[in-house]
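Here's the structure, in structure tokens; my notes come after.
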Amino acid sequence: MLAADDGVIGGTSLKLTFVLFVSVVVVSMFSALITAPQGDEISDFYLGNRTMSPLRNGLAMCGDYLSAVTLLGSTGLVALTGFDGLLYLLGTVVAWMMVMLMIAEPLRNSGKFTLGDTLALRLPRSQRSVRIALAACTLIICVLYIVAQLVGSIALLTQFIGQPSATTRTMCVVLIGTLIVLYVALGGMPGATFLQIVKAVMLIAGVAVTAVIVLHRFSWNIDGLLGAAADGSGMGQRFLEPGLRYGGSTTSKLDFFSLQIAIALGLAALPHMTMRLLAPRATRVLRRSVLWATGLVGFVCFAAGVLGLGATAIVGRESIAKVDAKGDAAVLLLANSIGGAVLTALISCLAFITLMAVAAGLMLAAASSLAHDLYGQVIRKGKASQTEELTAARLSAVVIGVLGMLLALLAYGTNTANLGFLAFAIAASAILPTMVYSLFWRHFNARGALLSLYGGLATSVLLVICSPVVSSTPTSFYPDADFAFFPLQNPGIVSVPAGFLLGWLGTMMGRNEESPDVYEKFEVRSMLGTEPQEEQQQEPVGARQ
């Protein structure tokens with residue numbers, strides 16, 4: 001293991017970060033244990049406290065979404081690419097508008113634990129096969145994103161100690177992974193929610209304080225900040241114009257458009273986000289919660305843009321690129337320049353907590369899908385007791401945690417952003433078409449759902465395998481091989497339309513085996529939130545609130 005002085009950030013910052021990190025972990029773990037489900041009510045484990053205020057729900061949603069990619073990657077992208085980085089941040093806000101306007105309310109009104117329950121209401125005769133397909137997509141998306149968070153923790157540690165040894169990497173992944181498993185297995189949704197709220201408050205406060213310092217340094221003059229950033233980039237006015245990263249060629253423009261499609265559409269279908277949308281008990285609470293979340297995420301994205309420009313203006317683009325070609329160290333270098341060891345430690349601690357919180361939400365979503373959809377509804381056919389299903393959920397969290405840790409160690413050196421964006425692409429290509437068709441298309445059937453889920457998943461993964469992410473470039477996973485016939489790094493521009501097309505094609509080729517009034521009842525429920533009396537009598541054990 002290298003000494004702390006071998007890293008980018010000094011040893012004092014490492015010590016302060018460690019103290020802050022341990023303090024937050026101890027307090028949040030203790031609080032998670034206190035708020036954890038005390039009985040065997042499975043609804044408490046899956047959905048937590050459904051009477052939370054819109055602000056707290058909004059903070060939890062904000063915490064679920066904002067990852068280290070936002071704090072480190074987005075600021076680095078702005079610092080290195082200027083206008084193109086700012087345009088990337090805009091896609092995040094658009095994604096939340098999609099959630100708010102199209103998906104949130106009908107999904108919550110289905111009133112179930114997981115998206116699989118919603119599809120079971122829509123396609124009751126084929127619910128077992130649909131639940132299996134959806135669980136497979138959910139597991140792959142969540143594991144990919146969890147691996148991205150754990151690999152990101154190693155990359156963050158590298159900023160302090162330099163290139164870590166194999167032993168140090170293993171210790172880092174196992175420590176962070178074990179903490180995440182404890183949050184989920186012991187605390188369930190209440191524990192994960194508390195962690196998300198703590199993380200969101202800390203993140204919003206941290207980026208706000210840092211952005212205020214940057215703006216104050218330039219006398220609150222945005223034009224002055226932009227001019228200084230252009231000078232610090234060494235590229236002049238070109239830094240503030242489109243095309244620095246994504247406009248050099250037609251391929252790069254298509255790649256950016258493909259990425260934005262995956263982000264804008266994938267957010268609404270990420271498993272941990274759909275699970276969070278199911279938590280509020282009342283529709284009016286959900287509306288205000290999503291408004292809070294959209295506003296808070298928008299504020300953080302604005303602050304990230306300020307921090308990225310500030311890093312270029314104060315630290316310099318060339319200095320940032322020397323430390324980290326991807327720019328992930330930009331915000332840490334900025335904090336070290338304007339706030340010294342204390343601010344650097346605060347931002348670093350925020351990054352670690354952000355990694356843990358996002359991974360906890362993902363692990364909870366995956367564990368819930370395995371325990372409720374696969375074990376409770378497919379294997380046990382709805383006859384599992386609440387205690388039995390709760391045990392299955394906790395064991396699933398442990399299994400997913402161990403799997404994520406093993407894959408993170410194997411994937412060391414992989415670009416974490418690519419893993420995260422692949423998860424978005426799969427969600428947008430496989431889960432979103434199924435959700436949209438189920439909610440809004442009367443004739444949608446089981447064959448359409450299965451073809452959309454499996455086809456969207458296969459198309460996304462196949463295109464990424466045959467892209468520059470895996471082969472043909474120096475930064476690829478296999479740089480010496482060359483089988484990249486698909487030129488784009490993100491498959492969204494092809495895989496998302498393919499997912500919708502396959503869902504339509506499967507429906508046209510298949511036969512609707514549901515009774516005519518199934519969609520009528522589902523439509524009433526999804527739009528108004530009402531629940532027919534005969535449907536209440538058919539709920540699985542533990543579904544009633």
Side-chain angles (χ1 to χ4, degrees), residues 36-37 40-48 64 112-120 126-150 177-178 180-192 269-279 358-408 423 426-427 430-431 434-435 449-450 453-454 457 461 540-543:
D40 293 331
E41 287 291 332
I42 198 68
S43 61
D44 292 341
F45 185 87
Y46 288 147
L47 300 179
D64 257 323
K112 295 295 181 179
F113 299 144
T114 65
L115 181 59
D117 286 331
T118 302
L119 295 182
S126 306
Q127 63 169 292
R128 295 189 70 206
S129 58
V130 172
R131 282 185 190 271
I132 293 172
L134 184 62
C137 293
T138 298
L139 183 62
I140 291 173
I141 291 170
C142 291
V143 170
L144 277 173
Y145 219 155
I146 290 171
V147 170
Q149 304 306 308
L150 293 177
T178 302
I180 295 167
V181 170
L182 289 175
Y183 276 115
V184 174
L186 299 179
M189 178 63 91
L270 288 175
H272 63 305
M273 293 307 305
T274 58
M275 194 169 180
R276 183 65 64 182
L277 294 174
L278 291 169
V358 172
L362 291 160
M363 190 177 294
L364 179 63
S368 300
S369 183
L370 289 180
H372 182 66
D373 290 326
L374 278 187
Y375 180 77
Q377 300 300 318
V378 174
I379 297 176
R380 297 283 287 134
K381 299 180 181 180
K383 298 178 181 179
S385 66
Q386 295 196 51
T387 303
E388 192 177 349
E389 190 171 319
L390 186 60
T391 302
R394 287 173 168 153
L395 289 176
S396 297
V398 175
V399 171
I400 294 167
V402 172
L403 177 63
M405 286 184 255
L406 292 175
L407 292 177
I426 295 174
I431 297 181
T434 307
M435 288 173 58
L450 294 175
L453 288 167
Y454 287 127
L457 170 63
V461 174
V541 176

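Bear in mind that the values here come from a model prediction, so they are computed numbers and not experimental data.
- Using a 4.5 Å heavy-atom threshold, the side chains of Tyr183 and Leu364 count as separate.
- You'll find the side chain of Glu388 reaches within 4.5 Å of the side chain of Tyr375, heavy atoms only.
- Annotation: side chain to side chain donor-acceptor pair (under 3.5 Å) contacts of Thr138 (sequence neighbours excluded): none.
- In this structure, the side chains of Leu144 and Ile426 come closer than 4.5 Å at one or more pairs of heavy atoms.
- For Arg128, there are no salt bridge (Lys or Arg N to Asp or Glu O under 4.0 Å) partners two or more places apart in sequence or in a different chain.
- Counting only heavy atoms from C-beta outward, the side chains of Arg276 and Met189 approach each other to under 4.5 Å.
- Scanning all heavy atoms of the two residues, the minimum distance from Leu115 to Ile431 falls at CD2-CG2, 3.5 Å.
- Residues Arg394 and Phe45 meet the side-chain proximity criterion, which asks for heavy atoms closer than 4.5 Å.
- Under the side chain to side chain donor-acceptor pair (under 3.5 Å) criterion, Thr274 pairs with no residue, sequence neighbours left out.
- When side chains are defined from C-beta on, Leu139 counts as touching Ile400, because their heavy atoms get closer than 4.5 Å.
- Contacts of Gln127 classified as side chain to side chain donor-acceptor pair (under 3.5 Å), with partners at least two apart in sequence or in another chain: Arg131.
- Looking at heavy atoms from C-beta onward, Leu370 lies out of side-chain contact with Val399 at the 4.5 angstrom threshold.
- Evaluation of the ring pair (Phe, Tyr, Trp, His ring centres under 6.0 Å) rule for Tyr46 yields Phe113, His372 as partners, not counting sequence neighbours.
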| task | Would you sort out whether Ile132 and Leu374 count as a side chain to side chain contact (heavy atoms under 4.5 Å, CB included), showing the intermediate values? | result | CA-CA 6 Å; Ile132 293 172; Leu374 278 187; 3.9 Å; yes
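- For residues 132-141, no residue pair satisfies the salt bridge (Lys or Arg N to Asp or Glu O under 4.0 Å) rule, not counting sequence neighbours.
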